Amino acid sequence: MILAEQTGLYRDRGLKVEFTNWTDTPSLLEAVATGKVDAGAGMIMQFMRPLEQGFDLKLVAGTHGGCMRMVGSRRAGITKDISSVRGKTIGIADATGFAYNTFALLLKSNGIDPLQDVVWQVYPAPLLEAALMRGDIQAYADSDPLMYLAQRRSGGDLVEILSNLAVPWQGRVCCVVAASNTVLRRDRSAVLAMIDAMIEAAEICVADPMEVAKAFVQYGAIKAPVEDIAAVLRMQTHHMHPVGHDLAAEVAFYAAQLKTIGVMSADLDPQAFAQNIVDDVTKGEPMHV
């Protein structure tokens, strides 16, 4: 979103954008749902359960895939073989957050029962690395660039077990844009222009990750070498930005998956849910169930 502002992509489309930072997803979603802000971006796996509970907003675009990973310590017996996590304790920052939702499902897809074969332990995000170094946990999951930087600091001890682009999730989007129903009713063309600017910015990430990394380290809260941020951007799929029915298909997929681990209601209809919370702003009218 910030890259689109820095490169003038919003301005070129007649938009004046102001940025507000929210420290947690519930506060962000509440701000969008109540019209305090017009739009917000975040991880789809953090949005799903609150959206089922009735936040009054719509998802309007996906931005990319591949910004989460789970790593483990070689010293604790973790290898690239996913089965090496069996019987181990995995650290996460939130028992119901994006890391648990993502990697519980990916472990399940790869033959590891996330409820029986591993133990999940919650720590504040800044303490996850220290907990692993003490041996309290043997693996942990969080988002990039934090995870990439932790691997770099580990001197080869931390090995990637899974990312959210691992089999069978290759090609899936992980981050999305939500818009308030207020702005969608008031000015759908402005929302479409915003999405168009963000998609063009995403393509810049594909074409010139080093320049994008320079922008990130200048304005991002995480301080890191430009080369490391560029390396992370190259691992992500910034050419993936579904809208409309393509985005609804992603939402339905995740909703169906989350039902299997009890995160979403057993009686939820994934297709109806997706159609209800995704608005295809490329069309003149909202999508209907």
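If you're wondering where the values come from, they're calculated on a predicted model, not measured in any experiment.
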Heavy-atom pair with the smallest gap, counting every atom of S265 and K259: O-CG, 3.5 Å
Among L28, T34, L29, which residue satisfies the side-chain contact (heavy atoms from CB on, under 4.5 Å) criterion with V32? L28
Side chains of D81 and S83: is there a donor and an acceptor less than 3.5 Å apart? yes
CD of E160 to CE of M147, rounded to nearest 0.5 Å, is 8.5 Å
CZ/R49 to CG/L258 distance, rounded to the nearest 0.5 angstrom? 10.0 Å
Residues in salt bridge (charged side-chain N to carboxylate O under 4.0 Å, His left out) contact with D136, at least two apart in sequence or another chain: R134
In plain terms, say whether R13 and E200 are close enough for a salt bridge, that is, a side-chain N and a carboxylate O under 4.0 Å apart. yes
Taking only residues two or more places apart in sequence or in another chain, which ones pass ring pair (Phe, Tyr, Trp, His ring centres under 6.0 Å) with Y100? W120
At their closest point, which heavy atom of I229 faces which heavy atom of A224, and how far apart are they? CD1-CB, 3.9 Å
Please report, to 0.1 Å, the donor-acceptor pairs under 3.5 Å made by any side chain of residues 85-96, with sequence neighbours excluded.
from: R86; atom 1: NH1; to: D117; atom 2: OD2; distance (Å): 2.9
from: K88; atom 1: NZ; to: S84; atom 2: O; distance (Å): 3.3
from: D94; atom 1: OD1; to: T96; atom 2: N; distance (Å): 2.9
from: D94; atom 1: OD1; to: T96; atom 2: OG1; distance (Å): 3.2

What distance separates T102 OG1 from M45 CE, expressed to the nearest 0.5 Å? 4.5 Å
State whether the number of non-hydrogen atoms from other residues, nucleotides or ligands found under 6.0 Å of M210 atom CE is greater than 12. yes
L57 and A178: which non-hydrogen atoms are nearest, and at how many Å? CD1-CB, 4.0 Å
Using the six-membered ring wherever Trp is involved, compare the ring planes of W169 and F253 and label them parallel, tilted or perpendicular (cut-offs 30° and 60°). perpendicular
How far does CE of M235 sit from SG of C67, to the nearest 0.5 angstrom? 13.0 Å
With rounding to the nearest 0.5 angstrom, report the CG to CD1 distance, N101 to I44. 11.0 Å
